[in-house]
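A quick write-up on the structure given underneath.
Lettering follows sequence order; numbering is per chain, from 1.
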Number of protein chains: 2
Amino acid sequence: MGLSLPKFDSVFSIDCVIFGFDEGELKILLIERNEEPFKDWWALPGYIVEQDESIDHAAERILYELTGLRGIYMDQFYTFGDVNRHPQGRVITVSYYAMIRLSGSKDLKPVSNYASKAVWIPVNDLPKLAFDHEKIFSKGFDKIRHKISYQPIAFELLPEKFTLTQLQNLYEVILNKKLDKRNFRKKMLNYGILKELDEKQKGVSYRAAKLYKFDKRKYSKLFQKEITFGK
Amino acid sequence: MGLSLPKFDSVFSIDCVIFGFDEGELKILLIERNEEPFKDWWALPGYIVEQDESIDHAAERILYELTGLRGIYMDQFYTFGDVNRHPQGRVITVSYYAMIRLSGSKDLKPVSNYASKAVWIPVNDLPKLAFDHEKIFSKGFDKIRHKISYQPIAFELLPEKFTLTQLQNLYEVILNKKLDKRNFRKKMLNYGILKELDEKQKGVSYRAAKLYKFDKRKYSKLFQKEITFGK
DNA sequence: TTACTTAGTGTAATAAATACACACTATCTT
DNA sequence: AAGATAGTGTGTATTTATTACACTAAGTAA
C-alpha cells in the first residue's frame with residue numbers, strides 16, 4: 001500500500017501491569033530483563049507492537065506469551081510518550097492493566113526471549129524498575145484503586161468461588177484501608193450481585209466460611225448501578 | 001543516536017476532543033479537512049506527533065495552532081490502535097480532551113494547513129466524522145461525563161464569574177438529565193469551593209443572579225473530597 | 001473437653017440524597 | 001405607575017445510605 005504519510009524512527013510498545021491476588025497480598029508480575037538496556041533490571045512485561053496487529057491484540061499476545069493465558073480481563077489505561085523515556089530511541093508505550101486469578105500458586109509458562117524470568121512481587125515490596133516503569137505501575141495502581149470503587153473488577157482477581165472475607169481482604173489491600181466487616185457484608189450482599197453457594201471453604205483449620213460466586217447476569221441487569229466502596 | 005530498535009512504517013498522531021460551552025449548549029470544535037483522505041469531511045482536530053516532542057507537548061501544540069490558546073485544561077483519555085483505522089497506513093492516535101472557556105463568541109485563530117475551517121458544533125448535532133473519530137468523540141464524551149461527577153472540571157468551561165444557574169445547566173447538558181435546583185445549590189454551596197462575589201450578572205432583562213467564582217485554593221485544601229453529582 | 005480461630009450477625013445514630021412549590025426582584029411594556 | 005414577564009432564591013420533611021460498634025456460633029486441633 002502506498003503510504004503517503006511521513007515515516008518516523010519511532011516504535012510502539014505495550015507495557016502491562018498484571019495484577020494477581022495471592023495469600024492475602026496484591027502482587028504484580030515482573031520480569032528480569034536479559035538484554036540491554038537495563039539488562040538485569042526488573043521491568044513490567046511488555047513488548048513491541050507488530051505492524052499488522054492492533055494494540056489490544058498486542059496486549060493480549062504479550063500476556064499470552066508470558067503466562068499462557070487467554071481471555072484475561074485487560075484494560076488500557078494510559079500512553080506514555082516522553083521523548084527520552086527509552087535510552088535508545090523514540091518509544092511510545094501504551095499501558096494496560098490485567099487481572100489474573102491466581103488460584104493456588106499457578107505456574108507460569110516459560111518466558112519469551114527478552115526476559116530470563118517472571119516473578120510475582122507484592123506491590124508493597126517492589127524493586128526499582130527499568131525505564132519509567134515505576135511511573136507506569138503507579139498510574140495503573142491508581143487506576144484500579146479508583147475503578148474498584150465503582151466497577152466489579154475485584155472478582156477478576158479472586159477464584160471463581162470465594163468467601164466474603166477474601167473479598168473484603170482484597171478491597172482492603174487495594175484501597176489500603178480497613179473496612180468494617182458487618183458493613184462490608186451488608187452492603188455487598190445488598191447489591192444482589194453475589195450468588196450464595198451450598199458449599200463451604202475446605203482445608204482450613206477453623207470454621208469454614210460460605211462460598212459465593214459473582215453473578216455476572218444479575219450484575220448486567222442492574223448494569224449501571226455502580227458500586228461504591230471505601231469512601 | 002544509534003537506534004537498535006526495529007523501525008516501522010508507523011505514525012503517531014494526536015486527536016483532540018475540544019469542548020466548549022456556549023449559549024447553554026455543549027459544543028466541540030471540528031475541522032473540515034482539505035486533504036485526502038476524507039477530503040471535505042468533518043474531523044476532530046489532530047495532527048502528527050513530531051519526532052522530538054512528547055505527546056503532551058504535541059497535544060498542546062495542536063491546540064495552540066488551532067485556537068491560539070495556551071495553558072488549556074487537557075487530559076489524555078485513550079489510544080486508538082486498530083490496524084486499519086487510517087486508510088493510508090498504520091496510524092496510532094492518542095486522544096485528548098480539552099476544555100475551553102468560550103466567554104461570548106470568541107474568534108479562533110485561522111487554521112493550519114490541513115483544514116479549511118474550524119467550527120463549534122453542538123454535541124447533539126454532530127455530522128458524520130472522518131476515520132474512527134465518532135468512536136473517539138464518544139469515548140471522550142463518556143470520559144468527561146464520568147469525570148464531572150467527581151472532579152471540578154466543569155469550571156474549566158465556564159467564564160471565570162458565573163451564576164449557579166449556568167453551572168447547573170452545564171451539569172445538566174453533560175449528564176443529559178435535569179437536576180433539582182434547590183438540591184443542586186445546597187450541595188454545590190456545601191462543598192465550600194465556590195466564592196460568592198459582590199457582583200451580579202449584567203445585561204439580562206430580568207432579575208440578575210449573583211456571580212460566583214471557583215475557589216481553587218479551598219478546593220485544593222479539601223483535596224480528595226471528591227464531588228459527586230447526577231447519581 | 002477445652003482452647004483456639006475465624007464466621008456470622010443487628011441496631012441505633014448520623015449523614016446524605018431526594019422530592020417538592022412559591023414568593024421575590026429586576027426589567028420591560030404600555 | 002401598573003402590570004406582565006422571566007428567572008432568582010429559598011426550607012422542610014422523607015427516604016436512603018453510611019457509620020460505629022461487640023458478641024455468639026461453628027468448626028478444628030490438641
Find the distance [X]:[atom1] to [N]:[atom2] and express it as a whole number of Å.
X      : N      : atom1 : atom2 : answer
B:N169 : D:dT8  : CG    : C1'   : 13 Å
B:F184 : D:dT10 : CZ    : C1'   : 16 Å
B:L179 : C:dC20 : CG    : C1'   : 15 Å
A:K187 : D:dT16 : NZ    : P     : 17 Å
A:K178 : D:dA20 : NZ    : P     : 15 Å

Task: B:E25: partners by salt bridge (Lys or Arg N to Asp or Glu O under 4.0 Å), with sequence neighbours left out - done: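 Salt bridge (Lys or Arg N to Asp or Glu O under 4.0 Å) list for B:E25, sorted by chain: empty.
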Task: Counterpart residues, salt bridge (Lys or Arg N to Asp or Glu O under 4.0 Å), relative to B:D215 (two or more places apart) - done: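 B:K218.
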Return a table of donor-acceptor pairs under 3.5 angstrom between the side chains of residues 204-212 of chain B and protein atoms on other chains or two or more places apart.
| residue | atom | partner | partner atom | Å |
| --- | --- | --- | --- | --- |
| B:K210 | NZ | B:E196 | OE2 | 3.2 |

Open item on the list: Looking at B:L179, is its backbone amide N or carbonyl O close enough to the side chain of B:E172 to form a donor-acceptor pair, meaning the two atoms are under 3.5 Å apart?
Closed with: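 Between the backbone of B:L179 and the side chain of B:E172 there is a qualifying donor-acceptor contact (under 3.5 Å).
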- [ ] Scan residues 136-153 of chain B for pairs that pass salt bridge (Lys or Arg N to Asp or Glu O under 4.0 Å), counting only residues two or more places apart or in two chains.
- [x]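 As it turns out, the salt bridge (Lys or Arg N to Asp or Glu O under 4.0 Å) pairs with a partner in residues 136-153 of chain B, which skip direct neighbours, are B:D75-B:K147, B:D142-B:R145.
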Task: Heavy-atom protein contacts under 4.0 Å, nucleotides 6-14 of chain C, coded B base, S sugar-phosphate only, - none - done: BBBBBB---
Open item on the list: Based on the rotation axes of five pairs at each end, what angle does the helix from C:dT1-D:dA30 to C:dT30-D:dA1 bend through, to 10°?
Closed with: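 End-to-end axis angle: 10°.
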In residues 121-135 of chain B, what donor-acceptor pairs under 3.5 Å come from side-chain atoms, sequence neighbours left out?
| residue | atom | partner | partner atom | Å |
| --- | --- | --- | --- | --- |
| B:D132 | OD1 | B:R85 | NE | 3.3 |
| B:D132 | OD1 | B:R85 | NH2 | 2.8 |
| B:D132 | OD2 | B:R85 | NE | 2.8 |
| B:H133 | ND1 | B:L44 | N | 3.0 |
| B:E134 | OE2 | B:L129 | N | 2.8 |

Open item on the list: Run the ring pair (Phe, Tyr, Trp, His ring centres under 6.0 Å) test against A:F80 and tell me which residues pass, sequence neighbours left out.
Closed with: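 Testing A:F80 for ring pair (Phe, Tyr, Trp, His ring centres under 6.0 Å), a comparison that skips the adjacent residues, returns A:Y78.
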Open item on the list: Suppose we screen for ring pair (Phe, Tyr, Trp, His ring centres under 6.0 Å). Which residues come up paired with B:F162, at least two apart in sequence or across chains?
Closed with: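 Here the qualifying residues are B:F155.
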